[in-house]
Amino acid sequence: MAEKEIAKIYEPKDVETKWYREWESKGYFHADALSAKPPFSIVIPPPNITGVLHMGHALNNTLQDILCRWKRMSGYNVLWMPGTDHAGIATQNVVERQLAAEGKNRFDVGREAFIARVWQWKKESGGQIIGQLKRLGASCDWERERFTMDEGLSRSVREVFVRLFEDGLIYRDNRLINWCPRCHTALSDIEVEHEEQKGHLWYLRYPVTGSDRCLVVATTRPETMLGDTAVAVNPADDRYRDLIGGSVRLPLVNREIPIIADDYVDMEFGTGVVKITPAHDFNDFEVGKRHNLDIINVFDESGVINAAGGQYEGMERFAARRRIIADLTAQAFLEKITDHTLALGGCYRCKTVVEPYLSLQWYVKVKSLAEPALAAVMGDNPRTRIYPDQWRRNYIDWMENIQDWCISRQIWWGHRIPAWYCGQCGKITVTRVDPVICGSCGSDGIRQDPDVLDTWFSSALWPFSTMGWPDKTPELAAFYPTSCMVTGFDILFFWVARMMMAGIHFMGDVPFREVYIHALVRDAQGQKMSKSKGNVIDPLTVIDSYGTDAFRFTLAAFAAQGRDIKLAEERIAGYRNFANKIWNAARFALMNLEGFDPDPVKYEDLRLSEGEKWILHRLNETVRETNRALDDYRYNEAAMGLYQFTWSEFCDWYLELSKKELYGDDQERKRAARYVLWYVLEQLLRLLHPFMPFITEEIWQTLPGKKPAPSIMLAPYPTPRDDRNFPEAATNMEKVMAVISAIRNIRGEMEVPPSKEIAVILSCASSESLSLMKHNEGAILSLARVADLAIGRDIEKPQDASIQVAGDVQIFVPLRGIVNVEEEEKRLGKEITRFDKDIDFLGKKLDNTSFVERAPADVVAKEREKLAEFTGKRRLLEESLEKIRKLK
RNA sequence: GGGCGAAUAGCUCAGCUGGGAGAGCGCCAGCCUUACAAGCUGGAUGUCGGCGGUUCGAUCCCGUCUUCGCCCACCA
């Protein structure tokens with residue numbers, strides 16, 4: 001470290017760009033498929049090309065990067081496969097909005113030109129999230145970056161579609177599906193988000209034919225009455241039994257429709273009479289099938305009433321509702337309106353209320369795919385383990401109740417369905433290569449299905465399509481199945497479940513060995529972050545103001561399993577301070593390591609102090625804990641352990657302890673101190689690197705000594721070292737630290753300013769303590785700021801001294817001129833009361849014969865010890881208090 | 001309607017397999033002690049949501065209730 005002054009405050013910005021560029025350009029992120037090292041692979045949940053980095057991405061990718069950096073340093077051949085998703089509906093929406101701004105729609109420009117325009121948009125602005133992931137420090141193998149619509153992945157999609165079709169697992173059917181009237185496309189069941197809303201139940205009178213009775217039906221959607229083709233009652237319902245087989249006349253429409261009986265009708269609900277609209281309700285559709293009812297579709301694809309709606313044709317569905325209610329009211333067909341809450345389905349892309357809509361769509365038959373995907377997570381040793389376990393239950397429930405997957409979408413941006421219809425024979429041709437003639441009759445009058453595949457169809461193949469499938473590639477051989485999938489629970493069904501099905505079916509093995517499901521990032525109040533609420537914290541703004549490392553560390557420290565993260569900005573500031581603390585500890589070290597070369601140092605020859613042994617021992621324990629925690633995805637525990645070690649032990653204690661050695665003249669001691677300082681810091685930086693990649697690299701590069709690698713990200717991750725375990729020394733040091741703390745406590749309580757040096761007498765009750773305290777005299781002198789220290793066996797307490805007890809050491813601080821007698825009296829009183837409580841508690845516990853008899857012997861012994869210790873201390877304090885009182 | 005999760009210091013949260021609770025921020029007191037005031041030292045604060053049960057012993061296990069949150073579900 002040169003004479004150049006290092007800034008007191010860590011400035012992340014330049015450091016981050018500098019090192020990221022270095023890592024990437026040197027190819028440190030690149031995985032070699034032919035490496036001899038054991039593989040560790042993760043495929044990134046590909047962000048949408050329309051995406052900008054939000055908190056969810058930041059958390060997700062930070063957690064992945066921590067794993068990747070940790071494993072890479074631990075000797076694995078790490079592949080983190082990156083890429084982006086074409087995000088069919090979302091991306092199409094973006095470009096359609098652009099067109100709308102120009103006063104056009106996609107039909108004006110035509111399919112080909114529209115798709116060209118989407119590609120153009122992708123080229124210009126589709127990659128920004130990749131740059132943002134880089135700012136986050138993501139160590140992805142960018143050389144392998146893929147896109148769900150690139151050539152290779154499109155080939156995988158085509159292959160999968162054809163094979164499933166050939167196996168009879170893909171079929172076409174005409175049934176009710178969820179339809180978004182705004183996106184003009186079908187949606188799968190899970191793409192519909194249900195939300196509870198306050199609505200109404202309208203009770204409508206349907207006059208019974210040939211009678212002056214009316215049947216009253218309750219409905220939440222009165223406008224669909226235009227498509228009613230029956231009313232239904234429960235066959236067991238005595239109220240209506242006589243009317244079954246009869247008919248009613250549909251108001252406004254004047255259509256005569258039958259009264260049918262069906263078990264589906266709940267007698268308890270509403271009036272026990274249900275209007276049946278097979279074209280616009282999933283239940284009614286089933287009822288209609290059972291009873292062979294007509295299906296009258298009254299909407300067009302935009303949710304506007306069509307010709308079947310007679311006088312209401314051309315009205316938007318909600319306008320039609322208002323009008324129809326008004327008309328029914330006017331004609332006395334409306335009996336009453338009651339409040340009713342219902343779960344309305346909305347499009348997950350645009351929130352528009354979806355419409356059950358009859359149409360011809362493509363489906364994947366999932367039953368046979370789901371079975372092995374279910375089996376793979378079952379048992380004590382599942383092929384794929386889901387963390388935390390609670391999510392396994394969710395996965396299982398969903399897989400067990402899985403419905404066929406509607407995969408066709410009526411949009412233009414996506415993988416076009418490789419099916420051609422013959423105008424001659426009407427047969428379908430599905431092939432790997434675009435056909436020119438019908439596969440059945442040879443006619444050239446074929447045309448391709450206009451629909452594209454659900455975006456999640458290609459996502460399902462991601463773990464193997466990105467590695468070159470269907471070819472047999474070295475990547476697949478080396479990295480499939482992947483080691484781990486890190487993702488949020490919101491796409492457990494959309495994505496994880498489908499990757500499982502596809503992976504097992506096409507690769508013959510699960511796509512990943514482990515799945516780690518992390519939580520959602522919310523605001524400090526626990527609200528979901530959303531633009532409309534205005535509570536969004538932008539990760540990039542956070543990075544700008546606090547630095548990437550602080551931000552990453554915050555996310556890791558918050559990432560407790562199974563719990564959402566409530567992110568408050570103050571916390572990030574707290575970890576920014578932590579980064580700064582590391583920075584300043586490094587400044588201290590570098591200043592004191594000037595001219596020091598650790599390489600020739602023989603560790604075995606060093607004469608280590610108690611404090612040095614203690615910090616080495618604690619480092620070893622921290623190493624052990626960090627590795628163990630990361631192994632179990634306990635990111636928060638790993639982060640908190642490192643935080644505590646760094647700040648409370650390394651900085652607060654060790655650095656302070658080291659000063660007297662570093663500043664002293666004993667060259668042998670100095671050498672040991674420098675070595676330990678260098679060693680612990682060097683190891684600590686490696687431990688922290690997966691969490692805080694930039695600052696650790698910046699400091700690490702300036703440390704003296706020969707580097708094991710050109711970058712800290714390639715240096716071996718610390719593992720515990722047997723030659724650095726000092727359990728005994730560590731315990732001893734803790735005793736010394738307790739004495740120092742006790743002296744500081746007197747100082748603090750007595751308000752003795754740090755500038756005022758004091759005299760202290762230590763009275764030890766054992767020879768062990770005596771030699772320990774003598775041995776660590778220097779530490780006590782400097783850390784407790786003591787000028788005059790006397791240490792002896794069983795020293796009589798001076799009359800006018802303040803007392804503290806630490807283990808079997810009594811600490812006397814002569815009062816005269818320093819301590820206020822009243823203050824001391826108060827302090828002692830407080831301490832005594834505190835002991836009284838514990839003594840009382842322990843006494844009662846030990847008096848309880850069933851405790852003494854039944855509790856394990858070691859627990860009882862421990863409690864006895866504690867009682868004796870407390871009683872002893874209390875007695876000392878009591879004596880001291882009496883003496884003090886005499887002084888008054 | 002089914003399932004899951006949460007309730008711990010003023011706030012945000014830890015607390016792995018039961019032996020009378022921790023952190024950060026905030027608060028109080030004293031400090032510019034030559035790495036760091038984004039800092040140092042000391043201190044205060046909790047019927048661990050309520051009620052039962054199991055146990056020698058429960059923040060932790062079981063039951064139940066209350067209050068929040070989430071997921072799934074075709075009750076019109």
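Worth saying up front: this structure is predicted, and the values here are computed from it rather than measured.
- Using a 4.0 Å heavy-atom cutoff across all strands shown, A:Phe851 reaches at least one base atom of the nucleic acid.
- If you check the side chains of A:Glu193 and A:Tyr348, you find no donor sitting under 3.5 Å from an acceptor.
- The partner of B:rG26 is absent, by the rule that a Watson-Crick or G-U pair needs both atom distances under 3.5 Å.
- Contact between the side-chain N/O atoms of A:Asn394 and the OP1/OP2 oxygens of B:rC72 is not found at any separation under 4.0 Å.
- Here A:Asn848 lies in heavy-atom contact (under 4.0 Å) with sugar-phosphate atoms only.
- One atom, CG of A:Leu492, and another, C1' of B:rC71, lie 10 Å apart when rounded to the nearest Å.
- Not less than 6.0 angstrom separates the ring centroid of A:Trp391 from the ring centroid of A:Tyr395.
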Fill in: Verdict with supporting geometry, A:Lys844 and A:Asp840, salt bridge (charged side-chain N to carboxylate O under 4.0 Å, His left out)
CA-CA 6 Å; A:Lys844 277 188 188 150; A:Asp840 184 53; 3.6 Å; yes
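- At a threshold of 4.0 angstrom between heavy atoms, the contacts of A:Ala560 are confined to the sugar-phosphate backbone, with no base atom among them.
- Put simply, A:Lys826 has no side-chain N or O that comes within less than 4.0 Å of OP1 or OP2 on B:rG43.
- For the C1' atom pair drawn from B:rC71 and B:rC48, the interatomic distance equals 28 Å after rounding to whole Å.
- Contact annotation: side chain of A:Arg571 to base of B:rU12, donor-acceptor pair present below 3.5 Å.
- Within 4.0 Å of A:Glu286, counting heavy atoms only, lies no atom of the nucleic acid at all.
- To the nearest whole angstrom, the two C1' atoms, one in B:rA35 and one in B:rG39, are 10 Å apart.
- A donor-acceptor contact under 3.5 Å is not formed by the side chain of A:Gln403 with the base of B:rA73.
- Taking side-chain N and O atoms only, A:His340 has a distance below 4.0 Å to OP1 or OP2 of B:rA76.
- At whole-Å resolution of the value, CD1 in A:Ile695 and P in B:rC36 are 15 Å apart.
- Under 4.0 angstrom from either OP1 or OP2 of B:rA35 there lies at least one side-chain N or O belonging to A:Lys659.
- If you take CG of A:Asp281 and P of B:rA76, they are 9 Å apart, rounded to a whole angstrom.
- Not one side-chain nitrogen or oxygen of A:Tyr575 sits closer than 4.0 Å to the OP1 or OP2 atom of B:rU12.
- In this entry the distance linking NE2 of A:His194 with P of B:rA76 reads 11 Å, nearest Å.
- Picking from B:rG39, B:rA76, B:rA35 the nucleotide with the shortest atom distance to the side chain of A:Tyr264 gives B:rA76.
- Using a 4.0 Å heavy-atom criterion, one finds that A:Trp202 contacts no nucleic acid atom at all.
- The CG atom of A:Asp652 sits 9 Å away from the P atom of B:rG42 (whole-angstrom rounding).
- A:Thr277 and A:Arg221 share no donor-acceptor pair across their side chains, judged by distance under 3.5 Å alone.
- If you measure from atom CG of A:Asp847 to atom C1' of B:rG57, you get 15 Å, rounded to the nearest angstrom.
- Nearest to the side chain of A:Phe558, among B:rA38, B:rG5, B:rU12, sits B:rU12.
- Pairing for B:rA14 is absent, judged as Watson-Crick or G-U wobble with the two contacts each under 3.5 Å.
- Separation of the P atoms belonging to B:rU41 and B:rA23 is 14 Å when rounded to the nearest angstrom.
- Residue A:Val217 is out of contact with every strand shown, counting any heavy-atom pair closer than 4.0 Å.
- Here the C1' atom of nucleotide B:rA38 and the CZ atom of A:Arg576 are 5 Å apart, to the nearest Å.
- Residue A:Leu520 is out of contact with every strand shown, counting any heavy-atom pair closer than 4.0 Å.
- Residues A:Val852 and A:Phe650 each lie close to RNA chain B; by heavy-atom proximity, the contact nearer the 5' end of the strand is made by A:Phe650.
- When Watson-Crick and G-U wobble pairs are counted only if both distances are under 3.5 Å, B:rU66 pairs with B:rA7.
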Practice prompt. Determine, step by step, whether A:Val217 and A:Val248 satisfy the side-chain contact (heavy atoms from CB on, under 4.5 Å) criterion, reporting the C-alpha distance in whole Å, the side-chain angles of both residues, the deciding distance to 0.1 Å, and the verdict.
Written response: CA-CA 11 Å; A:Val217 301; A:Val248 293; over 6 Å; no
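- Checked by atom type, the side-chain pair A:Gln644/A:Ser648 shows a donor-acceptor distance below 3.5 Å.
- A:Phe285 contributes atom CZ, which lies 10.5 Å from atom CD1 of A:Ile177 (distance to the nearest 0.5 angstrom).
- For the residue pair A:Gln403/A:Asp189, the side-chain donor-acceptor check at 3.5 Å is not satisfied.
- Between A:Trp391 and B:rC72 there is no side-chain polar atom (N or O) within less than 4.0 angstrom of OP1 or OP2.
- Mapped onto RNA chain B by nearest heavy atom, A:Arg747 and A:Thr271 fall at different nucleotides, with A:Arg747 at the one closer to the 5' end.
- Judged by distance alone, with hydrogens and angles left aside, A:Lys8 brings no side-chain donor or acceptor close enough to the base of B:rC36 to form a pair under 3.5 Å.
- Going from the P atom of B:rG24 to that of B:rU67 covers 35 Å, rounded to whole Å.
- Nucleotides B:rG18 and B:rU55, compared at atom C1', are 9 Å apart to the nearest Å.
- In this structure, OH of A:Tyr395 is placed 18 Å from C1' of B:rG3, rounded to the nearest angstrom.
- Both distances falling under 3.5 Å, in either a Watson-Crick or a G-U wobble arrangement, occur for no nucleotide opposite B:rC48.
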